[in-house]
Amino acid sequence: MISGTREKTYIAGDLTVEDWENQKRILTVGGSPDSWADAFDNFFLQRLQLRYFRPIEFIQKNGDWRGEGFSMVSLQCALIEFLAATRNGMKYRHLKRGEVLSQFEYTKSGTVFCQFLQEEMPFKEWFDENSAADFYSSVRCALLHEARTKSGWRIWRTGAPAVDTARKIVFCDFLQEAIGAYVDEYGRRLLHDTTLQSAFIRKFDDLAT
């Protein structure tokens, strides 16, 4: 039973915790692909569209190429961590002294973030262990903690590949296309991949707490 206040908390557009609980009742790991397609579209994709994709698209359309790439990549890095955590059905937890992690919890974002870049297409085409760690510390952490990049990394709007680790350039328009391609493929895999399905339920249960 969920509290009256929490059940009305929005987690994907107009959809609430209560809507997720109702959706979960018809979701079965290994069950109907149609039900999983609905969950992907209504909860996962809608959440991404409204909270990340549309704001990034607004910046792309209204920017004048004078620095908006920093805002875009900050959003993209936050999104990459969410995608990584959703893939594994994990939730972030800040540990206090004496506490220990439970199963499917993480406290070191770098591990989750870097593994995702090395293991998932199309990102693994550009990253190995060293370059993923450099990108995490010099782009992701530098942007989110200091509003800058470090170690010679630059952000440009257009160009390819999405992340040129040799020249240390992030081409943020192409990176957005790469993220979109991953999300599309994830949606297709989710229909039949029972590991992803179990992880999806864990993640949205956490979002609904």
Side-chain angles (χ1 to χ4, degrees), residues 9-15 39-88 90-92 109-110 112-127 131-132 134-150 153-165 167-190 196 200 203-204 206-207:
T9 299
Y10 296 111
I11 61 173
D14 293 331
L15 297 178
F40 172 80
D41 289 339
N42 296 334
F43 287 90
F44 184 82
L45 189 58
Q46 181 170 214
R47 183 180 176 92
L48 295 191
Q49 288 282 4
L50 295 178
R51 300 187 181 200
Y52 288 95
F53 288 173
R54 289 186 186 177
I56 290 171
E57 183 180 352
F58 182 86
I59 295 172
Q60 287 176 307
K61 289 182 176 179
N62 293 279
D64 57 6
W65 295 44
R66 297 175 65 186
E68 63 272 7
F70 282 81
S71 294
M72 287 177 60
V73 178
S74 296
L75 289 168
Q76 289 166 339
C77 286
L79 180 54
I80 287 170
E81 184 170 336
F82 173 74
L83 296 176
T86 302
R87 179 191 73 159
N88 295 315
M90 301 181 72
K91 68 175 181 178
Y92 176 83
S109 299
V112 174
F113 191 97
C114 292
Q115 285 180 345
F116 179 82
L117 294 180
Q118 294 172 73
E119 295 173 358
E120 291 291 339
M121 287 290 292
F123 310 100
K124 68 179 185 180
E125 294 183 332
W126 311 311
F127 289 100
S131 59
D134 186 26
F135 181 83
Y136 175 78
S137 62
S138 301
V139 179
R140 183 269 188 195
C141 291
L143 283 173
L144 299 185
H145 298 308
E146 301 183 65
R148 59 169 293 189
T149 58
K150 287 184 167 183
W153 278 90
R154 293 163 290 166
I155 297 174
W156 293 358
R157 281 289 305 271
T158 60
V163 182
D164 187 330
T165 57
R167 293 193 293 159
K168 295 191 173 185
I169 302 173
V170 182
F171 295 106
C172 53
D173 282 350
F174 192 19
L175 180 56
Q176 190 59 24
E177 292 182 18
I179 291 171
Y182 168 81
V183 169
D184 288 344
E185 178 59 22
Y186 171 81
R188 288 188 284 270
R189 290 164 57 194
L190 184 65
L196 288 182
F200 184 98
K203 188 60 180 175
F204 272 85
D206 174 56
L207 295 175

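Model, not experiment: these values are computed from the prediction.
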Could you tell me whether a side-chain N or O of Glu146 sits under 3.5 Å from a main-chain N or O of Leu144, the two making a donor and an acceptor?
-> no
Do the rings of Tyr182 and Phe123 sit parallel, tilted or perpendicular, given the 30° and 60° boundaries?
-> tilted
For Phe58, look at atom CZ and say whether over 12 heavy atoms of other residues, nucleotides or ligands are found less than 6.0 Å away.
-> no
Might you point out which heavy atoms bring Cys172 and Gly69 nearest each other, and give the distance in Å?
-> SG-CA, 3.9 Å
Minimal non-hydrogen separation, Ser71 against Ile59, with atom names | CB-CD1, 4.1 Å
Flag side-chain contact, heavy atom, 4.5 Å: Phe116 against Leu83 | yes
Any idea how Phe171 and Trp156 line up, ring-wise: parallel (<30°), tilted (30 to 60°), or perpendicular (>60°)?
-> perpendicular
Look at the side chain of Ser131 and the backbone N and O of Phe127, then say whether any donor-acceptor pair between them is shorter than 3.5 Å.
-> no
If you measure from CE on Met72 to SG on Cys77, what distance do you get to the nearest 0.5 Å?
-> 11.5 Å
Are Tyr136 and Leu117 side-chain neighbours, meaning at least one heavy-atom pair lies under 4.5 Å?
-> no
How far does CG of Leu175 sit from CD1 of Ile80, to the nearest 0.5 angstrom?
-> 5.0 Å
Evaluate the side-chain proximity of Arg87 to Glu120: yes if any heavy-atom separation is below 4.5 Å, no if none is.
-> yes
For Pro161 against Trp126, the heavy-atom pair lying closest together | CB-NE1, 3.4 Å
How many angstroms lie between atom CG of Asp206 and atom OH of Tyr92, to the nearest 0.5 angstrom?
-> 13.0 Å
Is it true that a side-chain atom of Glu185 and a backbone atom of Ala181 form a donor plus acceptor pair closer than 3.5 Å?
-> no
Run the ring pair (Phe, Tyr, Trp, His ring centres under 6.0 Å) check on Tyr186 and Phe44 step by step: do they pass?
-> CA-CA 10 Å; Tyr186 171 81; Phe44 184 82; 5.0 Å; yes
Side-chain touch Val170/Phe70, heavy atoms, less than 4.5 angstrom | no
ring-ring contact (aromatic ring centres under 6.0 Å, His included) partners of Phe174, counting only residues at least two apart | none
With distance as the sole test, does Gln49 use its side chain to make a donor-acceptor pair with the main-chain N or O of Leu45 at under 3.5 Å?
-> no
Is the side chain of Lys203 donor-acceptor paired with the backbone N or O of Met90 at a distance under 3.5 Å, no angle test?
-> yes
If you round to the nearest 0.5 Å, how far is CG of Leu207 from OG1 of Thr9?
-> 11.5 Å
Tell me, do Gln76 and Arg140 make a side-chain contact under 4.5 Å, heavy atoms counted?
-> no
Under the 3.5 angstrom rule, does the side chain of Arg154 hit a backbone N or O of Thr149 as a donor-acceptor pair?
-> no
Parallel, tilted or perpendicular, as decided by the 30° and 60° cut-offs, for the rings of Phe43 and Phe204 | perpendicular
Please work out whether the ring planes of Phe135 and Phe113 are parallel, tilted or perpendicular, with thresholds of 30° and 60°.
-> parallel
One should read off an interatomic distance between Arg148 CZ and Ile155 CD1, to the nearest 0.5 angstrom, of 11.5 Å
Between Tyr52 and Ile179, does a side chain to side chain contact (heavy atoms under 4.5 Å, CB included) hold up when you go through it step by step?
-> CA-CA 11 Å; Tyr52 288 95; Ile179 291 171; over 6 Å; no
Lys/Arg-Asp/Glu bridge criterion (N-O < 4.0 Å) met for Glu57, Arg54 = no
On a heavy-atom basis, the closest approach of Phe40 and Gly187 is CE1-CA, 3.4 Å
When you look at CG of Asp14, are more than 12 heavy atoms from neighbouring residues, nucleotides or ligands closer to it than 6.0 Å?
-> no
Got a sec, which residues hit side chain to side chain donor-acceptor pair (under 3.5 Å) with Asp173, two or more places apart in sequence or on another chain?
-> Gln60, Arg157
Identified side chain to side chain contact (heavy atoms under 4.5 Å, CB included) partner of Trp153 from the options Thr165, Leu143, Ile169, Val73 | Thr165
Nearest 0.5 Å, what's the NZ-NZ distance between Lys168 and Lys150?
-> 12.5 Å
Heavy-atom pair of closest approach, residues Leu50 and Pro55 | O-CD, 3.6 Å
